[in-house]
There are 2 protein chains.
Amino acid sequence: MAQIGTVDRILDTAEVLFAQKGFAETSLRAITSKAGVNLAAVNYHFGSKEALIQAVFERFLNPFCARLDGLLAELESKPDSVTIERLLATLSQSAVAVQRGDPQRVAIFFRLSGLAYSQAQGHLRRFFREHYGEVFSRFLHQLAVAVPDVPPMEVFWRVHFALGATIFTLSGMDPLRAICRSDFGVTLSPQQVNDRLLSFLAGGIRAALPAS
Amino acid sequence: MAQIGTVDRILDTAEVLFAQKGFAETSLRAITSKAGVNLAAVNYHFGSKEALIQAVFERFLNPFCARLDGLLAELESKPDSVTIERLLATLSQSAVAVQRGDPQRVAIFFRLSGLAYSQAQGHLRRFFREHYGEVFSRFLHQLAVAVPDVPPMEVFWRVHFALGATIFTLSGMDPLRAICRSDFGVTLSPQQVNDRLLSFLAGGIRAALPAS
DNA sequence: AAGCCCCCGAAACAAACGTTTGAAACGTAT
DNA sequence: ATACGTTTCAAACGTTTGTTTCGGGGGCTT
């Protein structure tokens, strides 16, 4: 068993607790006591709670965006085969791969993204737009290529609709699967939920435009 | 100018502040000082902050569900004409009507719903399931009738996907419209965003099932 | 007018929060 | 062994939080 340092122990614990209860509802004392480190360690290593939150995001968003960026570059080299399904699958695969295929960690990934998004105000939104805006618009552009008969502005909106469905669903994955099991007697794997989500999204993006 | 009582002044103010910054981030002092009432008034009239939060939800969810329930009953009497589009429009109209057509208040409505949902833990989730679970499953059943070729369990999942897209989008309506204006030079009205959302959802719900 | 009940207001309460402090413990290079 | 920079620790700091207390009206009924 490899000994992990204080910084990573804090990040590992903060990640889980933030995903479970939100940022404001998670105290530094809860994090440090569960992580088995001293309370002052957070301010020593990160400077402040706000900086810790950003560090948590950076740790999984940086590799995610790097991988996504690489896969998008690969797709751009052969523009003919770019479909919605392939683009969405690329996104999904990036998330899963970065979390080493662990569904539990993928859930945390999306749960945190959802929290960050609903935390509409101030510093986190700026942080996202500055660090990850480029990859996002690259994805947006690829998607516009994949559906040439849908105007770019409509693609923009539909991507946000899709983003909402994704984050919303995957951030509440476990409770939803429990309801599904109790109401229909069927236990779906996260992968199966993901497949259903992707076909829903593809159908939505390709839908007929509203009669304006 | 009609004088409104202390209770409603608190509810009006809390509603806005909760929607803007979340529950934990909004202090009772912020609410009471902005509402122009004494700090102790919250605990006097509601008992606790948690009870205030529930009261805020009840005030707009009760009339919303009542109206939705009535419209659903109306639809059940003529099962032939029930389509996805009509059902979604019913939902949308209920929300708009209850908020007296004020887009600002409709935004608050969805923003609060989104917050409640992302606040996955404990008391709010129970509260929702107990109070509004019946109307929800009634809606679900109607939707299953409207798309007979999609199995009920698939409808269940797709409704949650749609719920996510809706809450997510409408809760961040204003910032998204600002981005759309700056990126495409087009200013959409909330109604126009709603139309686009509805066709996206209809397309998603009707999409081809994943090859399992 | 006296009593009663409901509501308001200023102040205080204990608890929890993020953050800071200064000294002890550590490993490492001189 | 000594000295040095880094990390850990217990303790305390000053705020802010939700909640409670208690005295003082305002509008009733008797």
Side-chain angles (χ1 to χ4, degrees), chain A residues 1-59 112 115-116 118-119 121-124 126-127, chain B residues 1-59 112 115-116 118-119 121-124 126-127:
Chain A
M1 174 97 173
Q3 192 73 282
I4 54 178
T6 304
V7 171
D8 282 312
R9 274 223 299 288
I10 293 176
L11 286 175
D12 287 340
T13 312
E15 191 175 73
V16 174
L17 291 184
F18 283 154
Q20 276 178 358
K21 322 207 294 172
F23 303 119
E25 294 85 353
T26 303
S27 68
L28 294 187
R29 283 172 172 83
I31 296 173
T32 52
S33 73
K34 182 162 188 178
V37 305
N38 189 272
L39 169 61
V42 169
N43 285 279
Y44 176 78
H45 286 286
F46 299 96
S48 68
K49 184 180 183 179
E50 192 170 293
L52 169 63
I53 295 176
Q54 292 194 359
V56 166
F57 276 103
E58 282 189 78
R59 194 170 66 140
L112 286 176
L115 280 179
S118 75
Q119 211 88 354
Q121 59 161 346
H123 75 103
L124 266 181
R126 253 195 313 277
F127 174 78
Chain B
M1 174 92 173
Q3 193 72 284
I4 56 178
T6 303
V7 171
D8 282 312
R9 273 223 300 288
I10 292 176
L11 285 175
D12 287 340
T13 312
E15 191 174 73
V16 174
L17 290 184
F18 284 153
Q20 276 178 358
K21 320 208 296 173
F23 303 119
E25 295 84 351
T26 303
S27 68
L28 293 186
R29 284 172 173 82
I31 295 172
T32 52
S33 72
K34 182 163 187 178
V37 305
N38 190 274
L39 168 61
V42 170
N43 285 279
Y44 177 77
H45 287 287
F46 298 96
S48 68
K49 183 180 183 180
E50 193 171 290
L52 169 64
I53 295 175
Q54 293 195 0
V56 166
F57 276 103
E58 283 189 76
R59 194 170 66 140
L112 286 175
L115 280 178
S118 76
Q119 212 90 356
Q121 60 160 350
H123 75 101
L124 267 180
R126 255 194 312 278
F127 175 78

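Below, read A as the first sequence line, B as the second, and so on, with proteins coming before strands; counting in each chain starts at 1. Treat the numbers as computed from the prediction; the structure is a model and nothing was measured.
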- [ ] Scan nucleotides 18-27 of chain D nucleotide by nucleotide, 5' to 3', and note B when protein non-hydrogen atoms come under 4.0 Å of the base, S if they reach only the sugar-phosphate, - if neither.
- [x] BBBB------
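- The phosphate of C:dC8 (OP1 or OP2) has a side-chain N or O of B:T6 nearer than 4.0 angstrom.
- We find that CD1 of A:I31 is positioned 11 Å from P of C:dT19, with the value rounded to whole Å.
- For B:R9 (side chain) and B:I4 (main-chain N/O), a donor-acceptor pair under 3.5 Å exists by modelled atom type.
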TODO: Apply side-chain contact (heavy atoms from CB on, under 4.5 Å) to the pair A:E25 and B:F23, showing each step before the final yes or no.
DONE: CA-CA 10 Å; A:E25 294 85 353; B:F23 303 119; 5.7 Å; no
Find every protein N or O atom lying less than 3.5 Å from an N or O atom of nucleotides 23-26 of chain C, and list the pairs.
none

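- With rounding to the nearest 0.5 Å, the separation of CG in B:L52 from CZ in B:F18 is 4.5 Å.
- Interatomic distance, OG1 of A:T26 versus NZ of A:K49, reported as 6.5 Å (0.5 Å rounding).
- For D:dT8, the OP1/OP2 oxygens have a side-chain nitrogen or oxygen of A:H45 closer than 4.0 Å.
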Task: Stepwise side-chain contact (heavy atoms from CB on, under 4.5 Å) check, A:F46 with A:V56 - done: CA-CA 11 Å; A:F46 299 96; A:V56 166; over 6 Å; no
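- Atom CD in B:E25 sits roughly 14 Å away from atom C1' in C:dC17 (whole-Å rounding).
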Open item on the list: Using the rule given for side-chain contact (heavy atoms from CB on, under 4.5 Å), can you reason through B:R59 versus B:D12, listing the C-alpha separation, both sets of side-chain angles and the distance that settles it, and then say yes or no?
Closed with: CA-CA 10 Å; B:R59 194 170 66 140; B:D12 287 340; 2.8 Å; yes
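- In terms of the side-chain hydrogen bond (donor to acceptor under 3.5 Å, both in side chains) criterion, B:N43 has no residue partners (sequence neighbours excluded).
- To the nearest 0.5 Å, the span separating OG1 on A:T6 from NE2 on A:H45 amounts to 5.0 Å.
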